[in-house]
Amino acid sequence: MSDPPSPSLDFIRAKVAEDLKTNKHQGRVVTRFPPEPNGYLHIGHAKSICLNFGIAAENEGGVCNLRFDDTNPIKEEAEYEESIKRDVRWLGFDWEDRLFYASDYFDQLYQYAVQLIQKGKAYVCSLSAQDIREYRGTLSEPGKDSPYRTRSVEENLKLFEGMRAGEFEDGSHVLRAKIDMASPNLNMRDPTLYRIRQVPHHRTGDKWLIYPMYDYAHSLSDSLEGITHSLCTLEFEDHRPLYDWVLDELNLDSHPQQIEFARLNISYTVLSKRKLLELVKEGHVSGWDDPRMPTLSGLRRRGYTPEVIRNFCEQIGVAKRDTVISVALLEHHLRDDLNRHSPRVMAVLRPLRVVIENYPEDQEEELEAVNNPEDPAAGSRKVPFSRVLYIEQEDFREDPPKKFYRLAPGREVRLRYAYFVKCVDVVKDEKTGEVVELRCTYDPATKGGSSPDGRKVKATIHWVSAAHSLQVEVRLYDRLFVKENPEEGGADFRDSLNPDSLVTLTSCRVEPSLKGAQPGSRYQFERQGYFCVDSVDSTPEAPVFNRTVTLRDSWAKIEKQNQQSKK
RNA sequence: UCGGGGAUCGUCUAAUAGGCAAGACAGCGGCCUUUGGAGCCGCCGAUCCAGGUUCGAGUCCUGGUCCCCGAGCCA
């Protein structure tokens with residue numbers, strides 16, 4: 001790697017660079033990504049993953065650990081652990097042999113707790129949870145000491161051992177740090193270090209009946225792993241004094257620097273594991289990997305590439321003010337990547353039958369079509385043409401509005417890669433008046449799409465040959481919420497769910513080259529958008545396509561303006 | 001009310017000793033086009049407020065205002 005003029009470092013990278021310069025950590029850069037295995041990773045986690053693994057990769061010899069923060073057995077599951085590993089790998093990062101678990105440190109953590117008790121810095125408190133809350137005081141009033149605060153070291157040691165040995169019920173005792181009940185920082189008012197939880201842990205089984213709390217386990221896990229920079233989100237800012245307190249009281253040489261940054265928010269969605277879990281549990285989506293979910297598994301199934309997410313995370317930057325990133329920026333990176341890499345293909349979502357009256361009934365031919373105009377190396381393919389075709393219903397208007405350039409009675413347009421066709425008649429359903437078929441003529445001289453006489457058409461539309469096309473299911477996804485901030489004004493996010501976030505179309509027609517398309521493969525349906533083969537519900541006989549994102553649609557914009565100016 | 005943070009175009013991020021407020025997205029307009037896609041060109045548009053220091057302040061000082069986080073035996 002070269003060392004180009006670094007554009008401008010975010011405040012965290014600047015701090016890392018400075019620490020390197022002053023040799024604060026003996027030239028080491030060690031970060032970690034510490035998920036709790038209690039849900040699926042979402043794009044907010046991707047920001048943290050890119051930051052932590054990114055900083056490690058940018059610095060000579062830097063490494064980033066993957067560590068599961070599995071200190072609460074009642075919320076955590078092995079299923080989540082697997083999904084997290086899969087998602088981090090998919091994003092393109094590698095923890096090599098550095099897969100760790102807070103639960104691996106339980107023995108060590110217990111020993112440290114004993115040390116704190118011996119130092120008189122921790123005690124067993126036998127107040128009820130409610131009493132502890134009351135003794136804590138409020139934001140503006142100091143708390144008061146627990147009556148158990150003055151227990152002797154011997155008694156504390158004995159009780160703590162009893163907690164570990166299962167002599168006490170859940171909730172009867174906790175181990176607390178002895179700090180300052182009058183601290184203006186509530187986290188320092190004798191925080192709980194250990195609680196009794198007589199439940200099996202998905203990794204340690206029934207070995208432990210007491211489990212360490214986050215602040216205690218996290219700081220020590222970081223220290224044990226020799227982390228140099230412990231990056232977390234803003235809500236932990238108030239916890240930093242406690243993080244430092246634990247390491248200082250234990251006199252540990254390895255004392256990582258906790259640095260906080262703003263978590264990611266994106267418009268028209270929610271990014272919190274709790275809320276996403278509710279969407280799953282309440283059936284508003286089909287699962288954690290529903291293509292409308294902002295989870296990495298959902299985005300992957302939707303058709304996102306890891307590059308899109310990495311580029312997005314790089315561009316949004318890292319800072320401390322809380323922000324809401326426009327979903328349009330994410331979609332910009334999505335279209336940018338998909339445009340350059342997706343093969344083009346013709347697909348008709350809502351078919352309208354077209355008969356080319358002057359094209360011989362028994363004739364068919366193959367036309368050359370470019371696979372990707374952005375990538376000459378992608379080559380070309382043949383698409384079959386015949387007398388009966390399907391075009392998009394919305395590409396025809398019997399009474400075309402201003403600026404509508406597509407097909408209309410008497411109007412000539414180009415069928416992409418095929419011929420100029422002119423609409424000569426419209427067939428309607430006698431009862432409903434609905435347009436059911438178009439009668440057209442074609443100009444044999446315009447084969448391939450250009451006219452020898454130089455006449456122009458204003459529109460090019462896509463089509464498929466009726467007899468050759470494949471019928472497929474297409475799922476049209478749109479944003480999950482109708483409001484930029486689904487919780488605007490304290491509203492329940494469920495109230496702003498978009499009822500049209502999924503529209504399923506079952507009579508779509510695609511060109512035959514899509515036969516055998518592999519699950520997960522991505523295409524641009526010309527003039528429509530980017531689609532990928534659903535990796536869950538597709539079968540070779542019945543493929544399902546997910547719409548990843550639409551193409552930018554300037555006609556839709558014009559039409560919207562027309563409608564608004566009419567009002 | 002106490003403690004901890006944060007305020008720069010509509011949105012996000014820059015401005016690295018106090019020295020022309022920059023880029024991206026969005027929007028708008030144009031060019032081009034066998035995708036009303038892509039691409040190209042242009043336009044619009046910001047330093048929370050009030051004082052102060054200075055030749056010069058987004059940056060330093062003083063005083064305000066507004067927003068976020070915090071009272072789990074969650075992380």
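Side chains included, hydrogens not; waters and symmetry mates left out as well; all remaining heavy atoms used. All figures in this text were calculated on a predicted structure; none of them were measured in a lab. Chain naming here is simple, since letters A, B, ... match the order of the sequence lines and numbering starts at 1 in each.
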- Task: Could you check whether Tyr417(A) gets within reach of a base, just the sugar-phosphate, or nothing at all, counting any heavy atom under 4.0 Å?
- Result: base
- Just call it for Ile74(A): base, sugar-phosphate, or nothing, with non-hydrogen atoms closer than 4.0 Å on any strand. nothing
- Classify the nucleic acid contact of Arg344(A) as base, sugar-phosphate or nothing, counting any heavy atom under 4.0 Å across all strands shown. base
- For the side chain of Asn339(A), counting heavy atoms from C-beta on, which of rA38(B), rG36(B), rU35(B) is nearest? rA38(B)
- Just to confirm, is there a sub-4.0 Å distance from OP1 or OP2 of rA38(B) to any side-chain nitrogen or oxygen of Arg340(A)? no
- Item | Audit row: Glu368(A), Arg416(A), salt bridge (Lys or Arg N to Asp or Glu O under 4.0 Å) steps and yes/no | CA-CA 10 Å; Glu368(A) 188 91 1; Arg416(A) 177 138 234 226; over 6 Å; no
- Message: Nearest whole Å is fine: how far is rG36(B) P from Arg416(A) CZ?
- Response: 8 Å
- Message: Under 4.0 Å, heavy atoms only, any strand: does Thr138(A) hit a base, just the sugar-phosphate, or nothing?
- Response: base
- Query: Tyr194(A) near the nucleic acid: base, sugar-phosphate alone, or nothing, with a heavy-atom cut-off under 4.0 Å?
  - Reply: nothing
- Just call it for Gln524(A): base, sugar-phosphate, or nothing, with non-hydrogen atoms closer than 4.0 Å on any strand. base
- Message: Please pick, from rC12(B), rG27(B), rG36(B), the nucleotide with the shortest atom-to-atom distance to any side-chain atom of Arg406(A).
- Response: rG36(B)
- NA contact type, Leu127(A), heavy-atom cut-off 4.0 Å: base, sugar-phosphate, or nothing? base
- Is Glu141(A) side chain donor-acceptor paired with the rU1(B) base, going by distance under 3.5 Å alone? no
- Answer with base, sugar-phosphate or nothing: what part of the nucleic acid does Ile558(A) contact at a heavy-atom distance below 4.0 Å? base
- Any-strand Watson-Crick or G-U partner of rG3(B), both distances under 3.5 Å: rC69(B)
- Message: Strictly by Watson-Crick or wobble contacts shorter than 3.5 Å, is anything paired with rC40(B), and which nucleotide is it?
- Response: rG30(B)
- Reckon Ala319(A) touches a base, only the sugar-phosphate, or nothing at all at heavy-atom distances under 4.0 Å? sugar-phosphate
- Query: Has the side chain of Glu237(A) got a donor or acceptor that lies under 3.5 Å from a partner of the other kind on the base of rG6(B)?
  - Reply: no
- Compare the minimum distances between each of rC73(B), rC28(B), rG37(B) and the side chain of Leu551(A), then state the nucleotide with the smallest one. rG37(B)
- Task: Looking at every strand, decide which applies to Lys458(A) at a 4.0 Å heavy-atom threshold: base, sugar-phosphate, or nothing.
- Result: nothing
- Item | Shortest side-chain distance from Asp238(A), nucleotide among rU35(B), rG3(B), rA26(B) | rG3(B)
- Closest to the Leu186(A) side chain, choosing from rA75(B), rA38(B), rA71(B): rA71(B)
- Message: Quiz question: going by heavy-atom distance under 3.5 Å, is there a donor-acceptor pair between the base of rG4(B) and the side chain of Arg240(A)?
- Response: no
- Task: Pick base, sugar-phosphate or nothing for Val370(A), based on heavy-atom distances below 4.0 Å to the nucleic acid.
- Result: nothing
- Query: When you compare rU62(B) with rC68(B), how far apart are their P atoms, in angstrom units rounded to a whole number?
  - Reply: 26 Å
- Query: Checking only heavy atoms, does the side chain of Ser326(A) share a donor-acceptor pair with the base of rU11(B) at less than 3.5 Å?
  - Reply: no
- With a 4.0 Å cut-off on heavy atoms, is Thr71(A) in touch with a base, just the backbone sugar-phosphate, or nothing at all? sugar-phosphate
- Are any of the side-chain nitrogens in Glu392(A) or Arg350(A) under 4.0 Å away from the carboxylate oxygens of its partner? no
- Item | Glu134(A) with Lys144(A): basic N within carboxylate O range, under 4.0 Å | no
- Message: Suppose we define a pair by two distances each less than 3.5 Å, Watson-Crick or G-U wobble; what does rG10(B) pair with here?
- Response: rC25(B)
- Item | 5' priority, RNA chain B, between His239(A) and Lys403(A) [closest heavy atom] | Lys403(A)
- Rounded to the nearest Å, what distance is computed from the CZ atom of residue Arg274(A) to the C1' atom of nucleotide rC74(B)? 12 Å
- Message: At 4.0 Å (heavy atoms only), tell me whether Leu329(A) reaches a base, stays on the sugar-phosphate, or touches nothing.
- Response: sugar-phosphate
- Using a cut-off of 4.0 Å on non-hydrogen atoms, how would the nucleic acid contact of Arg414(A) be classed: base, sugar-phosphate, or nothing? base
- Query: Of all the choices, rC28(B), rA15(B), rU35(B), which nucleotide is nearest to the side chain of Gln561(A) once you look at every atom?
  - Reply: rC28(B)
- Tell me which of Trp555(A) and Val318(A) sits closer to the 5' end of RNA chain B, going by the nucleotide each one is nearest to. Val318(A)
- Query: Quick check: are there more than 12 heavy atoms from other residues, nucleotides or ligands sitting under 6.0 Å from NZ of Lys275(A)?
  - Reply: yes
- Ignoring the backbone of Ser554(A), work out which of rG70(B), rU11(B), rG37(B) is nearest its side chain. rG37(B)
- Are any of the side-chain nitrogens in Asp244(A) or Arg240(A) under 4.0 Å away from the carboxylate oxygens of its partner? no
- Query: Got a salt bridge between Arg310(A) and Glu314(A), using NZ or NE/NH1/NH2 to carboxylate O under 4.0 Å?
  - Reply: no
- Message: Given rC73(B), rA75(B), rC74(B), identify the nucleotide with an atom nearest to the side chain of Ala129(A).
- Response: rC73(B)
- Message: Closest approach to the side chain of Asp10(A), judged atom by atom: which nucleotide of rA71(B), rG5(B), rA14(B) is it?
- Response: rA14(B)
- Task: Output yes when Lys21(A) and Glu18(A) qualify as a salt bridge under the 4.0 Å nitrogen-oxygen rule, no when they do not.
- Result: no
- Query: The side chain of Arg195(A) lies closest to which of these nucleotides: rA75(B), rG70(B), rA24(B)?
  - Reply: rA75(B)
- State plainly whether the residues Glu237(A) and Lys320(A) are in salt-bridge range, i.e. N to O under 4.0 Å. yes
